[in-house]
Amino acid sequence: MRTTTVIIGAGHAGLAMSRCLSERGIDHVVLERGEVANSWKRERWDSLRLLTPNWQSRLPGYAYQGDDPDGYRDMAQTIAYIETYAEVISAPVHTHTRVTSVSARDGGYRVSTDEGEWQCRTLVLASGACNIPVIPKVAEGAPPGVHMLSPTQYRNPQGLEQGGVLVVGASASGIQIAAEIQRSGRPVTLAVGEHIRAPRVYRGRDIQWWMDAVGVLDERYDSIDDLNRARSVPSLQLAGSDERRMLDLNTLSDAGVKLVGRLAGINAGKAQFSGSLGNLCALSDLKMNRLLESIDAWASAHGLDGEVDAAQRFEPTRVQAAPPLGMDLSDGAIRTIIWATGFRPDYSWLEVPVLDRKGRVRHDGGVVDAPGMYLMGMQFLRRRKSALIDGAGDDARDLSAHLADYLDRPRRPRPLPDLACGRAPNNTPDSSTCATHPLSTAVM
Ligand SMILES: Cc1cc2nc3c(=O)[nH]c(=O)nc-3n(C[C@H](O)[C@H](O)[C@H](O)COP(=O)(O)OP(=O)(O)OC[C@H]3O[C@@H](n4cnc5c(N)ncnc54)[C@H](O)[C@@H]3O)c2cc1C
């Protein structure tokens, strides 16, 4: 079978690209190993709600129409939202079609699937950033009686054995799961590494509203001093709830969760925690305060002081003077470890040599280092918001423009001015137009 473009993955990123290609009249298919919104259907826990408010799930040609713009979708609503989008844009999705290999052929790509083979000139990798949980090597030292799960396997506390739970990682997934398990009556210990603390609501507005209004989410990949760092920062400590509650280490401590430092190793059945908990929390508080100061300055400069609530500061994170540095994992007190330690993409099927030594796709703002190949949905792909639902639209518009240009000039694609702050890629950034946003230091 032949088509001009194959998009791999029918999550919101692949669908946003599909919509942009349709607008340009570019013939394409979307190949999906499961169903539309498969990750949300198969790889998320039951109680998860988006941490971005409803208004902030804008996809090309599809904005929020409901009467609860400040609410946070649960999983059923998120799935329905993405499924409806696929229908509204008439995306040419082939479900239950798993891509098993992609190789270069005839100036384009051969895409093999368990439902046959496709030949295309251009290819979009929208297969997700969170396919495989990253579980540190220290996990190998855990005693055999301790059950281990990743957030993609965890569903709800009832699915766990009775007894204590060690949650490793205190970013969005870790803190949400820790809070829910503690509420179920199982004692939770949370191993805290680097994390980014943020209030849910600040001065009466959602923190995401501020980040959007101030422009920090639109900050571009080619304006960042340390892009590798920006692409690996942990998610903000946020959760969606009807009460718009702040969820941080203080609220977890109040609920009875025991905080310990970063899990450094497991030796002879004993977990070893780093002594850096106090420092990490102090750093996180400092960064949060820097973020709030920047928001205050921006609000004043834009005449919002009379419109929003007064500025406020939050209690510093409370940490035990000498948190435990070790814990016996073999005495039966801890029955489960949940590794909320991040995710990575799976490109085991990609036979085109575009991966770097860490297994990441080499790309310039989503334009992959192989002719006619594009990437979507990665953290800070083109903008700080790229991995959010809200970020896919702008990225898909930019990259579909580049793809169309490539199809017009198959042998020598012109770099589009848009791709590097008004200049061609690889030029030195123009600091007048590409200045790092003052808030970015607060969220990195
Ligand atoms: C726990 C969690 C919470 C999140 N919360 C939010 C939030 O509140 N707000 C927000 O904006 N973002 C959130 N995100 C980030 C982001 O929106 C999601 O990760 C989103 O699922 C990414 O969309 P995507 O289209 O890039 O990838 P996915 O939704 O993962 O879609 C990729 C698709 O590709 C398919 N696929 C993969 N490999 C193959 C193959 N070989 N062949 C065929 N198909 C394949 C998969 O089945 C999947 O359907 C969250 C992410 C996680 C992990």
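Order of listing sets the numbers, starting from 1, for every ligand and every atom in it. One-based numbering along the sequence shown.
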Residue portion contacting ligand 1 (non-hydrogen atoms closer than 4.0 Å) for R44: side chain
Check the orientation of Y154 and W45. Use parallel for under 30°, tilted for 30 to 60°, and perpendicular for over 60°. tilted
Just to be sure I read this right, does ligand 1 sit under 4.0 Å from the backbone of A126, its side chain, both, or neither, counting only heavy atoms? backbone
Looking at V188, is its backbone amide N or carbonyl O close enough to the side chain of Q182 to form a donor-acceptor pair, meaning the two atoms are under 3.5 Å apart? yes
Any heavy atom of L31 under 4.0 Å from ligand 1? The part involved is backbone
Would you say ligand 1 has an N or O under 3.5 Å from any N or O of H12? yes
Could you tell me whether some N/O pair between A37 and ligand 1 is separated by less than 3.5 angstrom? no
Heavy-atom distance under 4.5 Å between the side chains of T52 and Y72, does that happen here? no
Neighbour count >12 (heavy atoms, 6.0 Å) for atom CG, D114: yes
Parallel, tilted or perpendicular: which describes the rings of Y202 and F314, with under 30° parallel and over 60° perpendicular? tilted
Can you check whether K358's main-chain N or O pairs, donor with acceptor, with D356's side chain at less than 3.5 Å? yes
What is the minimum heavy-atom distance between G174 and V167, and which atoms define it? O-CG1, 3.7 Å
At under 4.0 Å between heavy atoms, is it the side chain or the backbone of Y72 that contacts ligand 1, or both, or neither? neither
Nearest non-hydrogen protein atom to atom 25 (O) of ligand 1, with distance, is A13 N, 3.0 Å
T52 to ligand 1: N or O pair under 3.5 Å? yes
Atoms of ligand 1, numbered as shown, that sit under 4.0 Å from any heavy atom of G377: 26 (O)
Restricting to non-hydrogen atoms, name the atom on V30 and the atom on G9 that form the minimum distance, rounded to 0.1 Å. CG1-O, 3.4 Å
for atom 29 (O) of ligand 1, nearest protein heavy atom and its distance come out as S39 OG, 3.5 Å
Looking at atom 44 (N) of ligand 1, what's its closest protein heavy atom, distance included? R33 N, 3.0 Å
Closest approach of any protein heavy atom to atom 40 (C) of ligand 1, naming residue and atom: V99 N, 3.8 Å
Is the backbone N or O of D346 less than 3.5 Å from a side-chain atom of N131, with the two atoms forming a donor-acceptor pair by type? yes
So for A387 against ligand 1, with non-hydrogen atoms under 4.0 Å, the contacting part is backbone
So, the side chain of R186 versus the backbone of G163: is there a donor-acceptor pair under 3.5 Å, distance only? no
Please identify which atoms of ligand 1 are closer than 4.0 Å to at least one heavy atom of R98. 42 (N)
Atom 49 (O) of ligand 1: closest protein heavy atom, distance to 0.1 Å, is E32 OE1, 2.6 Å
Based purely on interatomic distance, does S173 place a nitrogen or oxygen under 3.5 Å from a nitrogen or oxygen of ligand 1? no
Nearest 0.5 Å, what's the CG-NE2 distance between D390 and H12? 9.0 Å
At a 4.0 Å threshold, what atoms of ligand 1 neighbour a non-hydrogen atom of W349? 41 (N)
Euclidean distance, I181 CD1 relative to T189 OG1, rounded to 0.5 Å: 11.0 Å
With backbone taken as N, CA, C and O and side chain as the heavy atoms from C-beta onward, which portion of T97 lies under 4.0 Å from ligand 1: side chain, backbone, both, or neither? backbone
So between A129, S127, G128, C130, whose heavy atom ends up nearest atom 37 (C) of ligand 1? S127
When distances are taken from atom 34 (O) of ligand 1, the protein heavy atom at minimum range is G9 CA, 3.1 Å
shortest atom 50 (C) of ligand 1-to-protein heavy-atom contact is with W40 CH2, 3.8 Å
Considering only protein heavy atoms, which is closest to atom 8 (O) of ligand 1, and at what distance to one decimal place? L51 N, 2.6 Å
Check: Q176 side chain, R49 main-chain N or O, donor-acceptor pair, under 3.5 Å: no
